[in-house]
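Single-structure report; data block below.
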Amino acid sequence: METSSRFNARLARRFYNRDPQQVARDLLGKVLVRREGTELLAGRIIEVEAYLGQDDPAAHSYRGKTPRNAVMFGPPGFVYVYFIYGNHYCFNVSCLPEGEAGAVLFRALEPLQGIEKMAAARGLSAAGDPRLLTSGPGRMAQALGITRERDNGKDLTSAASDLWIARDGFRRPQVLITPRIGITQAAERPLRFVIAGNRFVSGRRALNQEPS
DNA sequence: GGAGCGATGTCCT
DNA sequence: GGACATCGCTCCG
């Protein structure tokens, strides 16, 4: 039986049925939630990137639909997970109506709940720097136990899903927009969205524009 | 603190 | 055969 929690208000399909840039912007401050048995793992969304489908050379969907990227062409609100560099999983959500490709990549969370389990999944101590748990797309996926085998194609809006995104009344954040990280195609386009000044933002200080 | 680089699966040319 | 939406380790200053 589901226990009540502060993370019950799932975002609905229509939230995702928009341009990925709009979805990315509005995801900041929401909460990504994973149910692991009786426990919830939850983190505030701090950093995301928009991928624009067939207009965007950096997007996996740029060259058309394949078995790997099919979720990006499907209906909005579904989980697209891919494996990269032989080591890491990356978590995305599909945007736009079925037939139109688009997605948002999640790059960093601020851990809110289930920190012990996240640390264990990362092979780290829960007493260490919490930024090592979920700052960076590969780290975040590992902390939440996200894999392609387990999660690709899941519906984030389904009440039956063990993965969803909630609104919890967090104040609409100040947003910083920058170029995306780690890409070579269309590398200059401003499609990365971060909560301004947040310490859980991934990557280098120069790219985050954070003070020392 | 920061640059350099290896690991290693999957897809595309 | 090369690129890749990454990470963590080594080495250098």
Side-chain angles (χ1 to χ4, degrees), chain A residues 16 19-21 23-25 27-28 32 43 45-74 78-96 101-109 111 118-125 128-153 156 165 176-195 199-212:
Chain A
Y16 304 102
D19 185 279
Q21 295 172 84
V23 176
R25 166 67 182 80
L27 279 171
L28 294 178
L32 177 60
I45 300 167
I46 300 301
E47 174 181 353
V48 293
E49 289 176 357
Y51 286 86
L52 306 183
Q54 303 205 257
D55 299 323
D56 179 2
H60 289 173
S61 46
Y62 181 58
R63 294 174 205 283
K65 188 174 175 179
T66 68
R68 177 211 200 192
N69 66 22
V71 174
M72 287 186 74
F73 290 82
F78 284 76
V79 176
Y80 171 46
V81 181
Y82 64 87
F83 193 60
I84 191 71
Y85 296 120
N87 284 294
H88 306 288
Y89 291 97
C90 291
F91 173 88
N92 304 250
V93 60
S94 64
C95 302
L96 297 169
V104 174
L105 168 70
F106 287 52
R107 293 192 52 89
L109 305 177
M118 293 185 198
R122 294 267 303 119
L124 299 172
S125 162
D129 186 340
R131 288 176 290 193
L132 293 177
L133 299 180
T134 52
S135 290
R139 291 169 175 166
M140 188 202 92
Q142 188 177 34
L144 296 183
I146 288 166
T147 67
R148 180 166 172 92
E149 295 70 26
R150 180 179 179 187
D151 298 307
N152 190 59
L156 285 179
I165 298 171
L176 193 64
I177 306 177
T178 79
R180 293 173 291 187
I181 304 288
I183 61 170
T184 55
Q185 305 292 312
E188 73 297 339
R189 297 187 67 172
L191 293 171
R192 173 173 175 257
F193 301 78
V194 308
I195 295 184
R199 63 193 284 264
F200 288 88
V201 167
S202 76
R204 299 249 177 72
R205 188 161 37 108
L207 291 167
N208 305 335
Q209 303 180 23
E210 284 186 275
S212 64

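Throughout, a chain's letter reflects where its sequence line sits, starting with A, and its residues are numbered from 1.
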**Study point:** Atom-to-atom span, OH of Y82(A) to C1' of dT6(C) - whole angstrom
**Key:** 9 Å
Check your understanding: Within the distance-only criterion (no hydrogens, no angle test), does the side chain of N69(A) pair as donor or acceptor with the backbone N or O of T66(A) below 3.5 angstrom?
Key -> yes
Check your understanding: Counting only side-chain N and O atoms of R68(A), is one of them less than 4.0 Å from OP1 or OP2 of dG9(B)?
Key -> no
Review point. Is the CZ atom of F83(A) crowded by more than 12 outside heavy atoms at less than 6.0 Å?
Key: yes
Practice item. Would you please confirm or rule out a distance under 4.0 Å between OP1 or OP2 of dG8(C) and any side-chain N or O of R122(A)? Key: yes
**Study point:** For dT8(B), the Watson-Crick or wobble counterpart (both distances under 3.5 Å)
**Key:** none
Point to revise | Aromatic stack Y85(A)/dG9(B): centroid gap under 5.5 Å, interplanar angle under 30° | key: no
Review point. Taking atom P of dC4(C) as reference, at what distance in whole Å does atom CD of E49(A) sit?
Key: 15 Å
Exercise for review: Please figure out whether Q185(A) or P137(A) has its closest DNA chain C nucleotide nearer the 5' end.
Suggested key: Q185(A)
Check your understanding: Under 4.0 Å: is that the gap between some side-chain N or O of R192(A) and OP1 or OP2 of dA5(C)?
Key -> no
Exercise for review: Check the distance between dA5(C)'s P and I183(A)'s CD1 and give it to me in whole angstrom.
Suggested key: 7 Å
Check your understanding: Taking NE2 from H60(A) and P from dT6(C), how many angstroms apart are they, rounded to a whole number?
Key -> 9 Å
Revision key, fill the gap. Rounded to whole Å, CZ of F83(A) lies from P of dA7(B) at a distance of 15 Å
Exercise for review: Examine the side chains of Y89(A) and E149(A) and answer whether a donor and an acceptor come within less than 3.5 Å of each other.
Suggested key: yes
Check your understanding: Paired with dA5(C): which nucleotide, if any, by Watson-Crick or G-U wobble criteria at under 3.5 Å for both distances?
Key -> none
Practice item. Give a yes/no on whether any side-chain N or O of T184(A) is located under 4.0 angstrom from OP1 or OP2 of dA3(C). Key: no
Exercise for review: Using salt bridge (Lys or Arg N to Asp or Glu O under 4.0 Å) as the criterion, point out the one residue from R189(A), R107(A), R25(A) that pairs with E49(A).
Suggested key: R107(A)
Review point. Across the strands shown, which category fits N92(A) at heavy-atom distances under 4.0 angstrom: base, sugar-phosphate, nothing?
Key: base
Review point. Between Y89(A) (OH) and dT6(C) (P), how many Å, whole number?
Key: 16 Å
Check your understanding: Do the two ring centres, one from Y51(A) and one from H60(A), sit under 6.0 Å apart?
Key -> no
Practice item. Select base, sugar-phosphate, or nothing to describe what R180(A) touches, counting heavy atoms under 4.0 Å on all strands. Key: nothing
Review point. Of R139(A) and I84(A), whose closest DNA chain C nucleotide lies nearer the 5' terminus?
Key: I84(A)
Practice item. Check every strand shown and say whether G86(A) touches a base, only sugar-phosphate, or nothing at a heavy-atom separation below 4.0 Å. Key: base
Practice item. In whole angstrom, give the distance that lies between atom CG of N87(A) and atom P of dG9(B). Key: 8 Å
Check your understanding: Once you round it to whole Å, what is the distance between P of dA5(C) and CZ of R189(A)?
Key -> 15 Å
